[in-house]
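Contents: one structure, followed by commentary.
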Amino acid sequence: MDILTVSISQGFLWALMAIGVYLTFRILNIADLTAEGSFPLGAGVSVVLIVNGMNPFLATLIAIGAGMIAGLVTGMLYTKFKIPALLSGILTMTALYSINLRIMGANISLGSNETIFQMIGISKDWAPLIIGIICTIIVVVLLYVFFNTELGFVIRATGDNEQMVRAQGVNTNFTKIIGLMISNGIIAFSGALLAQDGGSANISMGVGTIVIGLASVIIGEVLFDNLTIAKRLLCVALGSIVYRMIIALVLNLGLEPTDLKLISAIVLAIALSSPTWKGLFQKSVGKRGLVK
């Protein structure tokens, strides 16, 4: 029961990061690796500000802003300097490694400083779950409202058919930049919450972030498909919870925590290949039906 509770709590906190990855990977149709830099950036900024006496809520908002700036840099490299999206993300991620070292060093602890989880006055066992649920719902609702505005529709259309959007006289470079900023702001938000929950931030916590995000997205899509934008975002969150439960289950079977990256890669490979296996299974069942 403890494993289940912790997995769900962590799943909701990681769900924000997965939603951020979903925005670029599915909505904008861009492979963005900035996440591996903006995630620890959000964590480092929030922890450093809290340690220096700032209110945790304000520190978290500034961390979100820092993540949005990281997305802005990637967007500018991609749209203004015509560097491919993948390389733009790698360049920003590489630069953020040095910036994050400047901000927090290799590791920084919160010590006895108060965090968001302590300020709400709930038991420490339940605070991450409550905060995770509330933050996930708020983000999903805000994104649902945003993507139903004119700008939101244009951003979604940019990912679906950029040439058509340009033909309508829309500056798609602007929509891509806005999308990347929102995505990395949410990812930094997730990093800030997870750092406060864990009591520290370290320079390596962003390694493998993109794999975790993609695994959550793919698992959510495999379990649920053909849904509206709001339900898709919720399914990504559910995919994150399922992913954390799988990881917890595997580690509980006796594997070492050092095997986590390998497990993540295997889970992602299985999730990505599931549509192929599903198609082969349906084809096999169809042939058997015809034979009968």
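Start at 1 with the first residue, then count along the sequence.
The side chain to side chain contact (heavy atoms under 4.5 Å, CB included) check on Ala201 picks up Ala43, Val47, Met104, Ile108, Ala195, Met205, with sequence neighbours excluded. Looking at residues two or more places apart in sequence or on another chain, you find no side-chain hydrogen bond (donor to acceptor under 3.5 Å, both in side chains) involving Asn113. Scanning for side chain to side chain contact (heavy atoms under 4.5 Å, CB included) contacts around Phe146 gives Thr149, Leu151, Ile155, Ile178, Ile182, with sequence neighbours left out. For Thr60, the side-chain hydrogen bond (donor to acceptor under 3.5 Å, both in side chains) criterion is met by Gln196, not counting sequence neighbours. Shown here are the side chain to side chain contact (heavy atoms under 4.5 Å, CB included) partners of Ile99, two or more places apart in sequence or in another chain: Leu96, Ile103. Ser200 is linked by a side-chain hydrogen bond (donor to acceptor under 3.5 Å, both in side chains) to nothing, counting only residues two or more places apart in sequence or in another chain. With sequence neighbours excluded, the residues satisfying side-chain hydrogen bond (donor to acceptor under 3.5 Å, both in side chains) with Thr74 are Thr34, Thr92. Not counting sequence neighbours, the partners of Glu162 by the side chain to side chain contact (heavy atoms under 4.5 Å, CB included) test are Thr158, Arg166, Thr172, Lys176.
In this structure, Leu16 and Cys135 have side chains that are in contact, with non-hydrogen atoms separated by less than 4.5 Å. No side-chain heavy atom of Met76 sits under 4.5 Å from any side-chain heavy atom of Val73. Residues Met17 and Leu194 are not in side-chain contact: their nearest non-hydrogen atoms beyond the backbone lie 4.5 Å or more apart. Side chains of Leu143 and Leu23 form a contact here, defined as non-hydrogen atoms less than 4.5 Å apart. Side chains of Leu142 and Phe147 form no contact here, defined as non-hydrogen atoms less than 4.5 Å apart. Side-chain contact between Tyr22 and Ile218: absent, with no pair of heavy atoms (C-beta onward) separated by less than 4.5 Å. Side-chain contact check for Val21 versus Ile187: some heavy-atom pair is nearer than 4.5 Å.
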### Message
Working note: Ile229 + Ile27, criterion side-chain contact (heavy atoms from CB on, under 4.5 Å); need CA distance, chi angles, decisive distance, verdict.
### Response
CA-CA 10 Å; Ile229 182 66; Ile27 300 295; 3.8 Å; yes
### Query
Given the rule in the side-chain contact (heavy atoms from CB on, under 4.5 Å) test, do Leu180 and Leu72 qualify, once you have shown the distances and angles that lead to the verdict?
CA-CA 7 Å; Leu180 286 165; Leu72 173 63; over 6 Å; no
### Message
What verdict does the side-chain contact (heavy atoms from CB on, under 4.5 Å) test give for Ser240 and Phe12, after you've listed the backbone C-alpha separation in whole Å, the side-chain angles of each residue and the deciding distance to 0.1 Å?
### Response
CA-CA 7 Å; Ser240 175; Phe12 274 110; over 6 Å; no
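Minimum interatomic distance between Val217 and Ala18 (heavy atoms only, all atoms of both residues): CG2-O, 3.6 Å. Minimum heavy-atom separation, Pro128 to Asp197: CG-OD1, 3.3 Å. Nearest heavy-atom pair, Ile62 versus Met54, reported as atom, atom and distance to 0.1 Å: CD1-SD, 3.5 Å. When every heavy atom of Ala106 is checked against every heavy atom of Leu101, the shortest pair comes out as N-CD2, 4.0 Å. Taking every heavy atom of both residues into account, Leu28 and Thr175 meet most closely at CD2-O, 4.3 Å. Closest of all the heavy-atom pairs between Ile50 and Ala59 is CG1-CB, 3.8 Å.
Both Ile131 and Ile19 are assigned to one and the same hydrophobic cluster, defined by single-linkage of ILVMFWY side chains at heavy-atom distances under 4.5 Å. Hydrophobic cluster membership is shared by Leu129 and Ile241, with clusters built from Ile, Leu, Val, Met, Phe, Trp and Tyr side chains linked at under 4.5 angstrom. Under the 4.5 Å side-chain heavy-atom criterion for Ile, Leu, Val, Met, Phe, Trp and Tyr, Leu234 and Val242 are members of the same hydrophobic cluster.
Atoms CG and OG, from Leu58 and Ser46 in turn, are 11.5 Å apart once rounded to the nearest 0.5 Å. Considering CD of Gln168 and CG of Asn161, their distance stands at 10.0 Å, rounded to 0.5 Å.
Residue pairs satisfying the ring-ring contact (aromatic ring centres under 6.0 Å, His included) criterion with at least one member in residues 150-173, sequence neighbours excluded, are absent. Contacts classified as side chain to side chain donor-acceptor pair (under 3.5 Å) and involving residues 81-91 (residues at least two apart or in different chains) are not found. Applying the ring-ring contact (aromatic ring centres under 6.0 Å, His included) test to pairs two or more places apart or on separate chains, none has a residue in residues 45-86. Legend: salt bridge (charged side-chain N to carboxylate O under 4.0 Å, His left out) pairs involving residues 21-43, not counting sequence neighbours, sorted by first then second residue: Arg26-Glu221.
Ring centroid separation for the pair Phe39 and Trp14 comes in under the 6.0 Å cut-off.
Counting only N and O atoms by type, the side chains of Ser264 and Tyr243 include a donor and acceptor under 3.5 Å apart. Side-chain atoms of Asn184 and Ser38 include a donor-acceptor pair closer than 3.5 Å.
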